[in-house]
Enquirer: 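This is the structure I want to talk about, given as C-alpha cells.
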Amino acid sequence: MKNRELSEIFDKMADILEFKGDNPFKINAYRKAARVLKDLTEDIEKLAREGKLKDLSGVGSGIAKKIEEYLETGRVSKYEEVKEGVSEGLIELLKIPDLGPKTLALLHKEMNIHNMTELEEALQSEKARALPGMGAKKAENILRGIRLLKESGGRIPLGVALPLVNQVIELMKTKGIVREIFPAGSLRRCRETIGDIDLLATGKDGTRIIEEFTHLPVVTEVLAAGKTKGSVITHGGTQVDLRVVPGESFGAALQYFTGSKAHNVRLREIAKSQGLKINEYGVFRGEERIGGSTEEEVYQILGLPWIPPELREDRGEIDAAMKGSLPSLVELSDIKGDLHVHSDWSDGSATLEELAQEAKKFRYEYLLIADHSIAVRIAGGLSPEELLRQIEKIKKLNTKLKGITLLAGTEVDILSDGSLDFPDEVLEKLDVVVAAVHSGFKQDIHTMTKRILGAIENPLVDIIAHPTGRLIGGREPYAVDLNEIFSRSAATGTALEINAYYERLDLSDLNCREAQKRGAKLVISTDAHQPNQLDWMRLGIAVARRGWLEKGDVLNTLPLERFLNSLKR
DNA sequence: GCCGTTTTCGGCCCGACTGTTTTCAGTCG
C-alpha cells in the first residue's frame, strides 16, 4: 500500500513549507492529510480507482490530484518543486526540541547550516550570538535539544513508560502534598509509544509540589521548575512533565492535556460554533466560566457524552459521540483467560503449576499453554512426542487444580512453505491450536499472504498469533495483505490475536478496527514467558480499546464452555 | 490547501513559557 509513502510526502511538504515560511493554514492542511492517510486502513490505490479520494476528510481537489499523480507516475511534481534546494538533512533538524522552522531558516540563511554537525559548531560560535533573536540561552537550549534527541532517539514503548510513571506517582503520593495525581497525554490515551510523560496534579502548594517532583530520585536533569509546571529528564532519558492545576479546573485541564491535539482542535471548533470557548481552565461563554471541574462536564456542555481517552484521536469518535453511537469498549475485567503462555517446557521460566497459580490471581477461568513447536529450536520448541507428554501432564494437573482449567495448546510454526510444524494427528489432540510465523520474514507479499492464509484455511487452526510480526522500534511488519487475512479469518472463523507483549502489540489498534469491521473475531493474549508477564494483558486491552473493540468482539471474554464452543473446531 | 444548516470566499484552536525583547516572536503541547 502506498498510503504510508504518501503520508510521509505530505508531512515532508509541510516541514519544508514551514521552513520556507509559507501560509500556516496550508501547512496545516498538508499535515492533516498526512495524518488521515497514515490512519487509513483501506488501500489508497483502491480509493483512487473508485474515485473516492475526496471522500476522505482533509483531502480536497489539490491533494487528490497530487495523490493521483503519485500513483500514476511515482512522484509529486509540487513536492519536487518545493524541496528544490532544500536538503533532506536540513529538514531532519526540525526534530530537535526547541529548534523550530524560523530559527532553522535563520541559521541556514546566515550561517549556511546544512546538517547536525554544522549546526552544533555554529551554535558554539560567536557569530550565532549576534543574529537577531539569538542569545546565549537560546543557543544553549538548542544544544541541549540536540543532546536529548541523540540520547533518547524519541519515543519509548507504552510498556516501558507505564512502570516509570507508576513509580513517579507512588513517590509523589508518599510526600503527602498532592490531592490527586493522574497521567494525561499519550500515556492516558494508551498510545503504543510515548514521547513525553504528562502528569497532572492538584494540591494546595504548587511550588512545593514542583520542588518535591524535581528532586525525586529518578530525576537526572531539571528542565523547568515553576509554580505550576515542572519538567525533568529521568533515568533512561525520558522527559516527565508535571502540572499543578486548581481543583475546579481539573476536568478541563485533564481533557486539555490528554489530547490528542487533533481531537482537541475538533472540540474547540465545535465550542466556537456554539459561541463557547474551551481552554485548560474551563468552558467559557464570553467571560463567564460555565464548567470544567470534570471531564464529563466539558463534553456535556458541548452536547456530547464523555469519550474514553483511548478513542481521542480524531478517528471518528466525535461524530460517533454526536450520534450516540460510541462503542462500549472491552475492559480488563471482561477477560476470562489468557490464550498464549509459554512454560519451562519451551522457553518460558515457570512450571505449569506456577503458571496456573499465577492465573488464579487474575481470576481467570482458563489458561492456554502454547509452547513453541520444534522448528523454533532456539526457543526450545517441543517435538511431537514431547507435546503429547505435555498434554498428558496437563490432563493430570487439571484433576488437582481448583478454580482454573489449563488448556493444552501449542504455538505451532507456520513454516516457510505454508505447512504446519506438527502433523494433524498431533494437533487434533489439543484443546486449542495457535499458529504463528517465526521465520522467512522477507518473503514477498504474495507468498507471505498465501502462507498465512494456508494456516487460516486449515480446519485445525483456531488462532493466528501476532499476525504481522512487527516489533515496535525494531522490525517492520512483514509484507502481508492484511485485509485479505481479516476477510478470510472472518469467513473461516479463525480468530486473530492481539499480542500484548509490550514490543509487539500485534495486531495494532488500527489493524483491530479494520479486522472487526470485516467481521473477524479477536483474542487478547500476553505471550508471557514468566508468570508476572500475565499482567501485560492490560496493554492488549489498551490496544483493543484503541481499536474500538467491544466485549463481544473478543473471544476470551467468554466463560470456558462458551469460549471452547466459539472456536472454529 | 480545505471547507460550508452563518459561507464557494474568507475563515481556519488556544494559551503558556522562554528569551529576547522595550511589545513580541518562536516553540511547544
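Just so it is clear, the structure is predicted and the values come from calculations on it, not from any experiment. Below, chain A is the first sequence line, B the second, and so on; all start at residue 1.
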Enquirer: Paired with B:dT8 by Watson-Crick or G-U wobble geometry, both distances under 3.5 Å: which nucleotide is it?
Expert: none
Enquirer: For A:Lys227, report the nucleic acid contact type (base, sugar-phosphate, nothing); a contact means any heavy atom under 4.0 Å.
Expert: nothing
Enquirer: Side chain of A:Asn23 only, heavy atoms from C-beta on: which candidate in B:dG1, B:dC14, B:dT18 is closest?
Expert: B:dG1
Enquirer: Grab the two heavy atoms, one from A:Thr238 and one from A:Gly195, that are nearest each other, plus how far apart they are.
Expert: CG2-O, 4.2 Å
Enquirer: Can you tell me how far P in B:dT5 sits from the matching atom in B:dG1, rounded to whole Å?
Expert: 23 Å
Enquirer: Looking only at side-chain N and O atoms, does A:Lys65 come under 4.0 Å of OP1 or OP2 in B:dG1?
Expert: no
Enquirer: Kindly say if A:Asn264 contacts the phosphate of B:dC14, meaning a side-chain N or O under 4.0 Å from OP1 or OP2.
Expert: no
Enquirer: Using atom P of each nucleotide, how far apart are B:dC14 and B:dC9 to the nearest Å?
Expert: 25 Å
Enquirer: With a non-hydrogen cut-off below 4.0 angstrom, is A:Thr228 in contact with a base, only sugar-phosphate, or nothing?
Expert: sugar-phosphate
Enquirer: What integer distance in Å separates A:Phe25:CZ from B:dC14:P?
Expert: 11 Å
Enquirer: Rounding to a whole Å, what distance do you find between A:Glu18:CD and B:dG1:P?
Expert: 16 Å
Enquirer: Quantified in whole Å, what is the P atom distance between nucleotide B:dC12 and nucleotide B:dC17?
Expert: 25 Å
Enquirer: Tell me, with the steps shown, if A:Glu280 and A:Lys229 meet salt bridge (Lys or Arg N to Asp or Glu O under 4.0 Å).
Expert: CA-CA 14 Å; A:Glu280 59 264 54; A:Lys229 185 185 167 185; over 6 Å; no
Enquirer: When the C1' atoms of B:dG15 and B:dG10 are compared, how many Å lie between them, rounded to an integer?
Expert: 24 Å
Enquirer: What is the distance, rounded to the nearest whole Å, between atom CZ of A:Arg266 and atom P of B:dC14?
Expert: 15 Å
Enquirer: OP1 or OP2 of B:dG15 sitting under 4.0 Å from any side-chain N/O of A:Asn279?
Expert: yes
Enquirer: Under the salt bridge (Lys or Arg N to Asp or Glu O under 4.0 Å) rule, what do A:Glu313 and A:Arg546 come out as? Steps first, then yes or no, please.
Expert: CA-CA 9 Å; A:Glu313 298 289 348; A:Arg546 289 180 56 83; 3.0 Å; yes
Enquirer: Between B:dC2 atom P and A:Asp22 atom CG, what is the distance in whole Å?
Expert: 14 Å
Enquirer: Can you confirm whether the side chains of A:Ser328 and A:Glu550 place a donor and an acceptor under 3.5 Å from each other?
Expert: no
Enquirer: Select base, sugar-phosphate, or nothing to describe what A:Lys32 touches, counting heavy atoms under 4.0 Å on all strands.
Expert: nothing
Enquirer: When you compare B:dT8 with B:dC3, how far apart are their C1' atoms, in angstrom units rounded to a whole number?
Expert: 9 Å
Enquirer: Select from A:Val59 and A:Leu223 the residue whose nearest nucleotide in DNA chain B is closer to the 5' end of that strand.
Expert: A:Val59
Enquirer: Between A:His263 and A:Tyr299, how do the two ring planes meet: parallel, tilted or perpendicular, split at 30° and 60°?
Expert: tilted
Enquirer: Using the P atom as the point on both nucleotides, what is the distance between B:dT20 and B:dA25, in whole Å?
Expert: 16 Å
Enquirer: Quick one: A:Arg31 CZ to B:dG1 C1', roughly how many Å, whole number?
Expert: 14 Å
Enquirer: Which pair of non-hydrogen atoms, one from A:Ile524 and one from A:Ala544, has the smallest distance, and what is that distance?
Expert: CD1-CB, 3.7 Å
Enquirer: Between atom CG in A:Asn28 and atom P in B:dC3, what is the gap in whole Å?
Expert: 12 Å
Enquirer: Are OP1 or OP2 of B:dG11 and a side-chain N or O of A:Lys272 less than 4.0 angstrom apart?
Expert: no
Enquirer: Taking O4'-C1'-N9-C4 for purines and O4'-C1'-N1-C2 for pyrimidines, is B:dT7 syn (within 90° of 0) or anti?
Expert: syn
Enquirer: In this structure, how many angstroms lie between the P atom of B:dC17 and the CG atom of A:Leu242, rounded?
Expert: 14 Å
Enquirer: Can you give me the closest heavy-atom contact between A:Glu295 and A:Thr258, atom names plus distance?
Expert: OE2-OG1, 4.2 Å
Enquirer: Looking only at heavy atoms, what is the nearest atom pair of A:Asn279 and A:Ala252, with distance?
Expert: O-CB, 3.9 Å
Enquirer: Could you tell me the separation between the CZ atom of A:Phe284 and the P atom of B:dG15, rounded to a whole number of Å?
Expert: 8 Å
Enquirer: At under 4.0 Å between heavy atoms, which parts of nucleotides 20-29 of chain B does protein reach? Answer with one letter per nucleotide, 5' to 3': B base, S sugar-phosphate only, - none.
Expert: SS----SSSB
Enquirer: Taking only side-chain nitrogens and oxygens of A:Tyr281, does any of them come within less than 4.0 Å of OP1 or OP2 of B:dA16?
Expert: yes
Enquirer: Show your reasoning for whether ring pair (Phe, Tyr, Trp, His ring centres under 6.0 Å) applies to A:Tyr501 and A:His466.
Expert: CA-CA 10 Å; A:Tyr501 180 76; A:His466 44 74; 9.6 Å; no
